[in-house]
Trainee: 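Have a look at the structure that comes next, please.
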Amino acid sequence: MRSLFALLFCSSLFAVSNGYILPGANPQSFSENEKVKLKVNKMTSTKTLMPLDYYFLPFCAPDEGPSMDNENLGEFLAGDRIESSPYQLYMKKEMYCEQVCINNLGRGEQKNVQPNRVIKAIRKQYHNNWIVDNLPSAHKVEAESGGETPDSDTRYWHGFPLGFVSDSDKKAYIHNHVNLEIMYHPVEHDTSTFRVVRFTVEPFSIMHDCDLSISEADKIKSEAMMPKLATIKNPIASCALNSQEHTSFEMVTAPGRLLQPASGKVLFTYDVKWIENPDLPWASRWDIYLSMDDAIPAKIHWMSIANSLVIVLVLSAMIGAILVRNLRRDITRYNKLSTDEEKAEDLEEYGWKLVHADVFRPPSNPLWLSAACGTGAQILCMSFLTIIFSAMGFMSPARRGHLLVAELVFFAMMGTVGGYVTARMYKTFKGKSWQQATLATAVAFPGLVFGVFLIMNIVALSQKSSDAVPPLMIIVLLVLWFGLSTPLVFLGAYFGYRQEVLDFPVNTSSIPRQIPDQPWFMGIPFTLAIGGILPFGSCFVELYYMMSSVWMDYYYYVFGFLLMVFLILLVTCAEITILFTYFQLCSEDYHWWWRSFMNAGSTAIYVFLYSIYCFKQSEASSLATYVLYFGYMGFASLALFLAMGFVGVSSSLYFNKILFRSMKQMK
């Protein structure tokens with residue numbers, strides 16, 4: 001078992017340090033002049049957090065209409081809508097100012113007049129997300145700092161902006177021209193074929209003063225190029241007849257050149273530039289997109305792990321100093337007692353011994369505690385399996401939607417674990433309504449999530465967002481729930497109820513002991529506040545990058561780091577819960593079942609509060625954005641609460657069994 005864990009751990013570190021990704025499909029090779037498809041995906045905004053379908057705006061579409069790719073369940077849940085486009089690319093075929101279409105974007109900007117859709121999208125900072133050979137577009141930006149070399153001030157980012165708002169007149173301008181820069185290299189065993197290894201886009205705003213009448217000279221085009229739609233009266237150098245120059249920043253900003261407003265009739269054009277790069281292997285072609293040009297160095301993750309380890313070490317030292325020292329002292333004094341009077345007098349001073357007949361008394365609402373622990377165990381196993389397989393490269397960003405599909409499938413399959421844990425705990429608590437307990441595990445959490453999900457789906461539909469899931473995919477979710485997860489929960493419960501009850505080292509009395517008044521620092525608010533802040537502190541740095549990948553369109557791929565932080569989080573929750581459980585028993589309060597669940601689960605409260613802080617940075621203001629953001633963050637926080645709550649109950653139960661077993665041995 002140790003060797004297997006070591007193998008998985010080393011594999012995850014290798015995946016992180018080397019950018020290793022198991023291929024999602026065989027590499028696609030293209031011969032010279034072979035067509036390379038350019039596809040469009042949803043438009044995203046870090047300001048509204050509400051993705052839109054690309055053709056929701058009046059952009060150029062194929063003559064036969066856009067066709068959608070065959071998408072999986074995860075892609076639909078993520079809001080991806082990958083469709084065909086009218087942009088034509090051919091391997092190694094240079095193109096200069098090719099015309100795509102002329103579309104009317106709507107009315108211009110005027111006071112007291114509702115702006116058109118494109119202007120609204122630009123002001124909300126929407127980005128286009130195009131795809132070539134399964135590679136997403138990277139935004140290539142040339143900084144104006146004037147570096148000594150051309151590449152010194154070049155930065156890459158995910159997607160490219162739909163347009164921009166001018167600082168001078170505060171009007172919106174659209175990027176109606178793009179330079180498509182595609183890197184390739186020849187295949188090693190077949191130099192006549194080539195593979196795409198990078199796809200970057202450089203957008204421009206160019207006002208083309210065009211005439212819809214076409215001259216005879218403009219009609220003479222090769223078959224590999226798109227036909228002319230209009231004659232440009234004031235062409236830049238790249239748009240001139242028989243031009244062999246690609247559009248550049250100097251051409252666009254030359255004297256007399258104007259920007260294209262996001263209104264009226266607009267001519268859309270593009271350049272295609274092919275660059276051979278034999279030094280960039282196909283297996284590493286995702287690196288620039290994952291690291292975003294080293295915008296997030298790996299040392300930040302290592303610093304996060306170092307910070308987490310410090311917290312774990314501090315907690316471990318506290319447990320060693322408080323628990324081990326006090327327990328040894330208590331046990332020593334207990335062994336030295338010679339008379340019943342001395343024994344009773346000492347027990348009044350050391351209260352945890354006084355509750356030995358009540359410490360394993362069943363909690364209030366045992367059915368719901370059993371169901372909560374069972375669901376928490378199901379979520380915990382799902383999370384662990386997802387992180388393990390992701391760290392090994394099976395859930396790479398190249399496999400769009402596979403991460404969400406894996407989470408759903410693992411959650412459904414781990415229903416056996418949830419049912420088993422619920423059954424063992426509920427039988428130990430001497431519960432009689434085992435059908436209700438099992439049904440609560442199978443239905444309560446998934447039903448709550450599904451009900452709120454339907455509400456959020458209606459909100460997404462009202463906003464015409466691509467986040468809206470089609471009815472067919474909702475049926476697939478129901479099949480996963482009732483066709484796979486629920487039967488497995490009942491199967492696990494069947495085996496759980498056939499097991500013996502958990503064995504406790506001491507007997508429980510028939511009359512519960514009265515609990516004395518507790519000090520303020522043992523109250524629920526204080527223990528929840530302290531019990532959640534330390535585990536949250538051990539993982540909040542990694543949490544920031546995870547939330548950025550979900551809401552800010554980053555790619556998250558360092559699952560090896562996430563695996564280590566996840567394990568540290570489990571240890572931290574277990575240690576802080578054991579510490580508070582010991583203090584609670586010393587105060588002669590034996591109601592530790594629910595308290596240990598909440599102390600460990602309180603980490604989720606800090607996660608939700610942190611999500612509120614992050615939401616304020618997005619500048620979102622619409623009600624729909626509030627509903628979607630806090631709906632999904634509420635899901636995540638509730639799942640974390642249940643998973644860590646199960647960790648808290650399990651660790652406290654293990655600690656109490658060891659503690660009172662030693663007391664029984666002394667007797």
Side-chain angles (χ1 to χ4, degrees), residues 30 32-40 59-60 62 85-103 127-133 135-142 150-151 154-157 159-164 173-184 194 196-210 217-218 220-254 257-260 266-277:
F30 301 89
E32 190 168 352
N33 291 327
E34 182 179 351
K35 187 173 182 179
V36 180
K37 293 182 180 180
L38 187 151
K39 302 177 182 179
V40 295
F59 289 148
C60 302
S85 79
Y87 293 85
Q88 298 183 17
L89 286 68
Y90 300 89
M91 175 57 69
K92 297 184 64 178
K93 183 67 176 180
E94 300 286 325
M95 293 186 175
Y96 306 92
C97 198
E98 293 295 320
Q99 299 179 8
V100 187
C101 75
I102 299 177
N103 275 5
H127 280 58
N128 282 317
N129 298 282
W130 293 358
I131 300 172
V132 168
D133 190 31
L135 274 180
S137 58
H139 181 200
K140 183 178 181 182
V141 179
E142 300 290 345
D151 294 333
T154 300
R155 293 294 179 265
Y156 297 91
W157 210 249
F160 64 96
L162 183 62
F164 64 96
Y173 295 90
I174 189 171
H175 287 141
N176 61 321
H177 179 93
V178 288
N179 279 357
L180 306 178
E181 186 178 288
I182 305 176
M183 289 188 181
Y184 67 95
F194 310 90
V196 176
V197 293
R198 183 170 297 174
F199 173 40
T200 56
V201 177
E202 191 175 11
F204 296 104
S205 180
I206 307 173
M207 177 179 281
H208 296 297
D209 185 7
C210 56
D218 287 336
I220 304 175
K221 305 292 291 181
S222 65
E223 294 181 358
M225 296 185 180
M226 301 184 68
K228 286 285 187 179
L229 301 173
T231 300
I232 301 176
K233 299 178 181 178
N234 60 338
I236 59 176
S238 61
C239 295
L241 184 62
N242 299 324
S243 172
Q244 297 295 315
E245 286 186 88
H246 288 292
T247 305
S248 64
F249 182 77
E250 290 75 15
M251 295 180 188
V252 177
T253 57
R257 303 306 311 182
L258 298 178
L259 302 175
Q260 176 61 58
V266 177
L267 173 63
F268 289 86
T269 56
Y270 69 101
D271 285 19
V272 181
K273 184 179 181 180
W274 296 89
I275 302 174
E276 184 174 355
N277 188 349

Trainee: Any non-hydrogen side-chain atom of Tyr96 less than 4.5 Å from a side-chain atom of Gln244?
Mentor: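 Result yes, sub-4.5 Å side-chain heavy-atom pair found.
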Trainee: For His175, what residues pass the ring-ring contact (aromatic ring centres under 6.0 Å, His included) criterion, not counting sequence neighbours?
Mentor: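 Partners of His175 by the ring-ring contact (aromatic ring centres under 6.0 Å, His included) criterion, ordered by chain and then number, come out as Phe164.
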Trainee: How long is the gap from CZ on Phe249 to CE on Met251, to the nearest 0.5 Å?
Mentor: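 That separation rounds to 13.0 Å.
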Trainee: Answer yes or no: is there a side-chain heavy-atom contact under 4.5 Å between Glu276 and Phe194?
Mentor: no
Trainee: Return the NE2 to OG distance between His177 and Ser205, rounded to the nearest 0.5 Å.
Mentor: 11.0 Å
Trainee: Testing the basics here: between Arg257 and Ile206, what is the closest heavy-atom pair and its distance to 0.1 Å?
Mentor: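 Looking at all heavy atoms of both residues, the shortest contact is NH2-CG2, 4.0 Å.
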Trainee: Which pair of non-hydrogen atoms, one from Cys60 and one from Val100, has the smallest distance, and what is that distance?
Mentor: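 Distance-wise, the nearest heavy atoms are CB-CG1, 3.6 Å.
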Trainee: Run Val196 and Met91 through side-chain contact (heavy atoms from CB on, under 4.5 Å) and show every step you take.
Mentor: CA-CA 9 Å; Val196 176; Met91 175 57 69; 4.2 Å; yes
Trainee: Hey, are the side chains of Gln260 and Tyr173 touching, using non-hydrogen atoms and a 4.5 Å cut-off?
Mentor: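 Gln260 vs Tyr173: side chains apart.
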Trainee: Nearest 0.5 Å, please: how far is SG in Cys239 from CG in Asp271?
Mentor: 7.0 Å
Trainee: Measure across His127 and Pro161 and return the closest heavy-atom pair with its distance rounded to 0.1 Å.
Mentor: CD2-N, 3.5 Å
Trainee: Kindly give the heavy-atom pair with the smallest separation between Ser85 and Pro62, and that separation in Å.
Mentor: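 Looking at all heavy atoms of both residues, the closest pair is C-CG, 3.7 Å.
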Trainee: OG1/Thr247 to OH/Tyr270 distance, rounded to the nearest 0.5 angstrom?
Mentor: 12.5 Å
Trainee: Indicate the atoms forming the closest heavy-atom contact of Asn129 with Gly159, along with that distance.
Mentor: OD1-CA, 3.8 Å
Trainee: Using side-chain heavy atoms (C-beta onward) and a distance below 4.5 Å, is Leu38 in contact with Phe199?
Mentor: yes
Trainee: Answer whether the closest heavy-atom distance between the side chains of Asn179 and Lys273 falls below 4.5 Å.
Mentor: no
Trainee: How about Leu89 and Met95: do any of their side-chain heavy atoms sit closer than 4.5 Å?
Mentor: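 No, too far: nothing below the 4.5 Å cut-off.
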Trainee: Measuring from Glu94:CD to Trp274:CH2, what's the distance to the nearest 0.5 Å?
Mentor: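 Interatomic distance, Glu94 CD to Trp274 CH2, rounded to 0.5 Å: 9.0 Å.
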Trainee: Set out, in order, the CA-CA distance, both residues' side-chain angles and the distance that settles ring-ring contact (aromatic ring centres under 6.0 Å, His included) for Phe160 and Trp130, then state yes or no.
Mentor: CA-CA 9 Å; Phe160 64 96; Trp130 293 358; 4.9 Å; yes
Trainee: Would you indicate whether the side-chain heavy atoms of Ile232 and Asp209 approach each other to under 4.5 Å?
Mentor: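 Not touching, per the 4.5 Å side-chain cut-off.
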Trainee: Just verifying a value: how many Å separate Asn176 CG and Ile102 CD1, rounded to the nearest 0.5 Å?
Mentor: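 Between Asn176 CG and Ile102 CD1, I get 11.0 Å after rounding to 0.5 Å.
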Trainee: Would you call the rings of Phe59 and Phe268 parallel, tilted or perpendicular if under 30° counts as parallel and over 60° as perpendicular?
Mentor: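 Answer is perpendicular, since the angle exceeds 60°.
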Trainee: Taking all non-hydrogen atoms of both residues, which atom of Cys97 and which atom of His208 are closest, and how far apart?
Mentor: SG-CE1, 4.5 Å
Trainee: Taking the side chain as everything from C-beta on, heavy atoms only, tell me whether His246 gets closer than 4.5 Å to Glu181.
Mentor: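 Not in contact.
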